[in-house]
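Heads up, the thing below is written out as structure tokens.
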Amino acid sequence: MSSSPSRPTVVLGVTGSIAAYKALDLVSRLRRKDIAVIAVMTRSARELVGPASFESLSGNPVAVDLFPRSKPQQIEHIALADAADALAIVPATANIIGKAACGIADDLLSTVIMAATAPVVCAPAMNVNMWNSAAVQLNVKILAARGWTMVGPAEGRLACGTDGRGRLAPVEEIEAAILKALGWSDDLAGVPVLVTAGRTEEPVDPVRFLSNRSSGRMGYALARAAALRGAKVTLVTGPADVPAPAVGTTVRVRTAEQMLAAVTQHLPHHRALIMAAAVADYRPKNAAARKIKKSGTATALELAENPDILKYASVHKKAGTVLVGFALETDDLVANATKKMKAKGLDLVVANGASALGSDDNDAILIRKGGKPLRCGRQSKRDLARTVLDEVVKLVARPR
Ligand code: CTP
């Protein structure tokens, strides 16, 4: 079992516009919400504002080098990209906008932008004629089409003495866009939420096992999204293809029986269980203690049924504990998922097809007890996690 802080992290790219000093106010605002900020400053930004100001307000060293001598063991731009729950570029010059749109990665910030998969919020600030130029307008369109959130620029008096569009948007607007991109809210503040993720592995012998293709991405997205809304998350995870997110407490298991034991232990202390793990329905009845050798003839593996963890939870849970299950179906998605909801006594079922396995996207339907199915359409697992949690918030708010 391991514990880690679940504070969200914003990687803040600061580029060389006169408005760079305004990003300091943004750092203070985010820090007041206990959001961690790591500033990445370009060389021109450092000409305008000293990194020490960002360092003291954020409490983190400012990243400036692609290959810092102090951290030879890590690849700085990848570590920063991976750390980001959201990437904000405040202020963004015409230059960084152009580099990002064209895929140029020639310094730390532009390589972080290219390597990051987190949502991006970009607040341009520049001279009005630069902003209106065909190049910048085209580049902004390209980035918006890639899903970037552009905030501003605002109209008004510019640093160069002219009036027009080009001022950095008000910091509170930028902050609001960042919070939205993070999925940050306090609607689950302090609520203990138990999430299972990954797959289980059922040993056949010391070198072989039965398992499935679940990657862990959906469960991890749910755990992270719950933490970003203030929930006290316990993540029970089987093996997965991607690293587990930093959430409150992480319990690692391998088999369905171990997962059942962990869920049984933690469930009484939680208000909701989100069972995203792909639990193997069967395990070899007698796992061999030594490697099974070829016998030269066909053979059969005798299987025993694994416990159904959700069913167990629905029988043993405290009244009012919210139960969310998944249904992976290749046929009759809604009908089969509704059957599972009734059979396992669930409040909500996330129904999806096999195309979700191993993918970053999911095309799910939410089956809600007593409500209409909600077709989410194809979206990233991060966005689906937020939609699922919107429903969990409503369920948790019900009187017990
Ligand atoms: N589940 C569980 N314990 C199991 C099997 C599944 O708790 N032994 C949970 C899964 O985590 C998921 C839900 O039950 O939230 C449905 O899982 P799924 O594999 O779709 O369905 P099964 O119940 O296994 O039924 P079937 O394989 O017949 O579709």
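Predicted, not measured: the structure shown is a model, and the values here were computed from it.
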Under 6.0 Å from the [atom1] atom of [X], do we count more than 12 heavy atoms belonging to anything else shown?
{"X": "Arg378", "atom1": "CZ", "answer": "yes"}
{"X": "Lys317", "atom1": "NZ", "answer": "yes"}
{"X": "Ile18", "atom1": "CD1", "answer": "no"}
{"X": "Arg146", "atom1": "CZ", "answer": "yes"}

Pairing residues for [X] by the side chain to side chain donor-acceptor pair (under 3.5 Å) criterion, not counting sequence neighbours:
{"X": "Arg157", "answer": "Asp163"}
{"X": "His270", "answer": "Thr234"}
{"X": "Asp34", "answer": "Arg7"}

Q. Residues in side-chain contact (heavy atoms from CB on, under 4.5 Å) with Ala197, at least two apart?
A.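 For Ala197, the residues satisfying side-chain contact (heavy atoms from CB on, under 4.5 Å) (neighbours in sequence not counted) are Tyr220, Leu235, Thr237.
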
**Q.** side-chain contact (heavy atoms from CB on, under 4.5 Å) partners for Ala92, two or more places apart
**A.**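 Testing Ala92 for side-chain contact (heavy atoms from CB on, under 4.5 Å), a comparison that skips the adjacent residues, returns Ile89, Ile96, Ile97, Cys122.
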
Validation row: [X], [Y] side chains within 4.5 angstrom (heavy atoms):
{"X": "Leu374", "Y": "Glu391", "result": "yes"}
{"X": "Glu202", "Y": "Leu303", "result": "no"}
{"X": "Asp281", "Y": "Glu305", "result": "no"}
{"X": "Leu108", "Y": "Leu66", "result": "yes"}
{"X": "Lys344", "Y": "Met275", "result": "no"}
{"X": "Pro307", "Y": "Met259", "result": "no"}
{"X": "Trp148", "Y": "Ile113", "result": "yes"}
{"X": "Leu210", "Y": "Pro284", "result": "yes"}

Looking only at atom types and distance, does a side-chain atom of [X] sit under 3.5 Å from a main-chain N or O of [Y], one as donor and one as acceptor?
{"X": "Thr196", "Y": "Ala276", "value": "yes"}
{"X": "Ser58", "Y": "Ile38", "value": "no"}
{"X": "Thr15", "Y": "Thr93", "value": "yes"}
{"X": "Lys285", "Y": "Ala304", "value": "no"}
{"X": "Asp360", "Y": "Ser380", "value": "no"}
{"X": "Asn212", "Y": "Ala278", "value": "yes"}
{"X": "Arg208", "Y": "Ile292", "value": "yes"}
{"X": "Thr250", "Y": "Ala246", "value": "no"}
{"X": "Arg165", "Y": "Pro153", "value": "yes"}
{"X": "Glu173", "Y": "Pro170", "value": "no"}

Common cluster, [X]/[Y], ILVMFWY with side-chain heavy-atom separation under 4.5 Å:
{"X": "Val350", "Y": "Met218", "answer": "yes"}
{"X": "Leu109", "Y": "Met150", "answer": "yes"}
{"X": "Leu182", "Y": "Leu389", "answer": "no"}

Q.
Evaluate Lys99 against Asp107 for side-chain contact (heavy atoms from CB on, under 4.5 Å), listing each step before the verdict.
A. CA-CA 10 Å; Lys99 287 207 284 188; Asp107 65 0; 3.5 Å; yes

Assess whether a salt bridge exists between [X] and [Y], defined as any Lys/Arg side-chain N lying under 4.0 Å from an Asp/Glu carboxylate O.
{"X": "Asp85", "Y": "Arg224", "result": "yes"}
{"X": "Arg213", "Y": "Asp241", "result": "no"}
{"X": "Asp187", "Y": "Arg229", "result": "yes"}
{"X": "Asp390", "Y": "Arg386", "result": "no"}

Q | Partners passing ring pair (Phe, Tyr, Trp, His ring centres under 6.0 Å) against His316 (at least two apart in sequence or in another chain) | A |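 Ring pair (Phe, Tyr, Trp, His ring centres under 6.0 Å) check on His316 returns Tyr312.
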
Quick one: [atom1] on [X] to [atom2] on [Y], what's the gap to the nearest 0.5 Å?
{"X": "Arg43", "Y": "Leu48", "atom1": "CZ", "atom2": "CG", "result": "13.5 Å"}
{"X": "Gln379", "Y": "Leu384", "atom1": "CD", "atom2": "CG", "result": "5.0 Å"}
{"X": "Asn352", "Y": "Phe326", "atom1": "CG", "atom2": "CZ", "result": "6.5 Å"}

Q: Take Thr200 and Val253 through the test side-chain contact (heavy atoms from CB on, under 4.5 Å) and record every step on the way to the result.
A: CA-CA 8 Å; Thr200 66; Val253 298; 5.8 Å; no

Q | side chain to side chain contact (heavy atoms under 4.5 Å, CB included) partner of Leu87, the single match among Ile178, Val120, Val121 | A |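 Passing option: Val120.
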
Q) Looking at Leu30, Val62, Val37, which one forms a side chain to side chain contact (heavy atoms under 4.5 Å, CB included) with Leu12? A)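 Only one option passes, and that is Val37.
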
Q) When you look at Leu158 and Trp131, which way does the side-chain contact (heavy atoms from CB on, under 4.5 Å) test go after all the steps? A) CA-CA 12 Å; Leu158 305 178; Trp131 172 252; over 6 Å; no

